[in-house]
Q: 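This is the structure I want to talk about, given as structure tokens.
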Amino acid sequence: MIRRALVTGCSKGIGLAIALALLQEGWVVRGMARSSAWPIEHERFAYAAGTVSFPMDGRFMADRLRAFLGGPLDALIHCAAIQGPVGPLEQTDPVEWSDAVWVNLVGSFNVVQGVLPMLRESQDARILLFSGGGAFGPRPNYSAYAASKAGVVSLMETLAVELAGTSVTVN
């Protein structure tokens, strides 16, 4: 059986490692990241430069993926994120702070909403959203990242309950 995955934020770091591991396990992988440089060349891999931070991107991505995949989506592994501004809150640029929350939290919403119909077509689909430092406790000087990742955890928990009893599992 062919398994298909979308990995966002996969031009480096955790996303890249996951994409490579899935390819090694025989998955068809579609990657998305803001970078136009791409480190993977593989017959079961295709890459699209893009961002998850605009609502239309999730739907646009879903349309492009449907053509790429030729079948249901079995996994969404969402690694795309930015750290945002670092420093005391009162010295933080509000636009940079908002951008980090937008990319990390709203981007998670956009990509999940965009591909959820394709995940529902699978008999055993997974959504994996990444969180990080500050999601479960204070992270001084990283307020945008911490707040956005706490939001991602809450989004994931809510989505897991909404999708309970379906073919889509959320972690």
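Computed from a prediction, not measured in an experiment: that's the story for all the values here. Note that the numbering runs from 1 along the sequence shown for the chain.
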Q: If you compare all heavy atoms of L22 against all heavy atoms of V29, which two are closest, and at what distance to 0.1 Å?
A: CB-CG2, 3.7 Å
Q: Where is the tightest heavy-atom contact between P85 and A144, given as atom of each residue plus distance?
A: CD-CB, 4.1 Å
Q: Could you state the interatomic distance from OG (S122) to CZ (R120), rounded to the nearest 0.5 Å?
A: 12.0 Å
Q: Can you list the residues that meet the salt bridge (Lys or Arg N to Asp or Glu O under 4.0 Å) rule with D93, with sequence neighbours excluded?
A: none
Q: Are the side chains of S11 and L16 in contact, using a 4.5 Å heavy-atom criterion?
A: no
Q: Going only through I, L, V, M, F, W and Y residues with side-chain contacts under 4.5 Å, is there a path from L73 to V168?
A: yes
Q: Taking all non-hydrogen atoms of both residues, which atom of V152 and which atom of S108 are closest, and how far apart?
A: CG2-OG, 3.7 Å
Q: Only pairs under 3.5 Å count here: list side-chain donor-acceptor contacts from residues 153-163, not counting sequence neighbours, and write none if there are none.
A:
residue	atom	partner	partner atom	Å
T158	OG1	S154	O	2.9

Q: Under 4.5 Å between side-chain heavy atoms, hopping through other hydrophobics if needed: is there a path connecting L129 to Y145?
A: no
Q: Closest approach of I14 and C79, non-hydrogen atoms and distance?
A: CG2-SG, 4.2 Å
Q: How long is the span from the CG atom in L20 to the CD atom in Q24, to the nearest 0.5 Å?
A: 8.5 Å
Q: Could I get the full list of ring pair (Phe, Tyr, Trp, His ring centres under 6.0 Å) partners for Y142, not counting sequence neighbours?
A: none
Q: To the nearest 0.5 Å, how far apart are CZ in F130 and CD1 in I77?
A: 7.0 Å
Q: Taking C-beta and beyond as the side chain, do V7 and W27 meet within less than 4.5 Å on heavy atoms?
A: no
Q: What distance do W97 atom CH2 and T92 atom OG1 have between them, rounded to the nearest 0.5 Å?
A: 9.0 Å
Q: Taking L128 as the starting point, is it possible to reach L23 by hopping between hydrophobic residues whose side chains are less than 4.5 Å apart?
A: yes
Q: For R3, I'd like to know if atom CZ has over 12 heavy atoms of other residues, nucleotides or ligands within 6.0 Å.
A: yes
Q: Tell me whether V170 shares a hydrophobic cluster with L116, the cluster being built from Ile, Leu, Val, Met, Phe, Trp, Tyr side chains joined at under 4.5 Å.
A: yes
Q: Can you tell me how far OG1 of T8 sits from CE of M32, rounded to the nearest 0.5 angstrom?
A: 8.0 Å
Q: Is the shortest side-chain heavy-atom distance between V52 and H78 below 4.5 Å?
A: yes
Q: Is any side-chain heavy atom of V115 less than 4.5 Å from a side-chain heavy atom of I127?
A: no
Q: Specify the closest pair of heavy atoms between I2 and D74, including all atoms of both residues, with the distance to one decimal.
A: O-OD2, 3.8 Å
Q: Can you see which heavy atom on S148 is nearest to which on L105, and at what distance?
A: O-CB, 4.0 Å
Q: Quick one: pull up CZ in R4 and CG in L119 and give me the separation to the nearest 0.5 Å.
A: 12.5 Å
Q: Are V101 and V106 side-chain neighbours, meaning at least one heavy-atom pair lies under 4.5 Å?
A: no
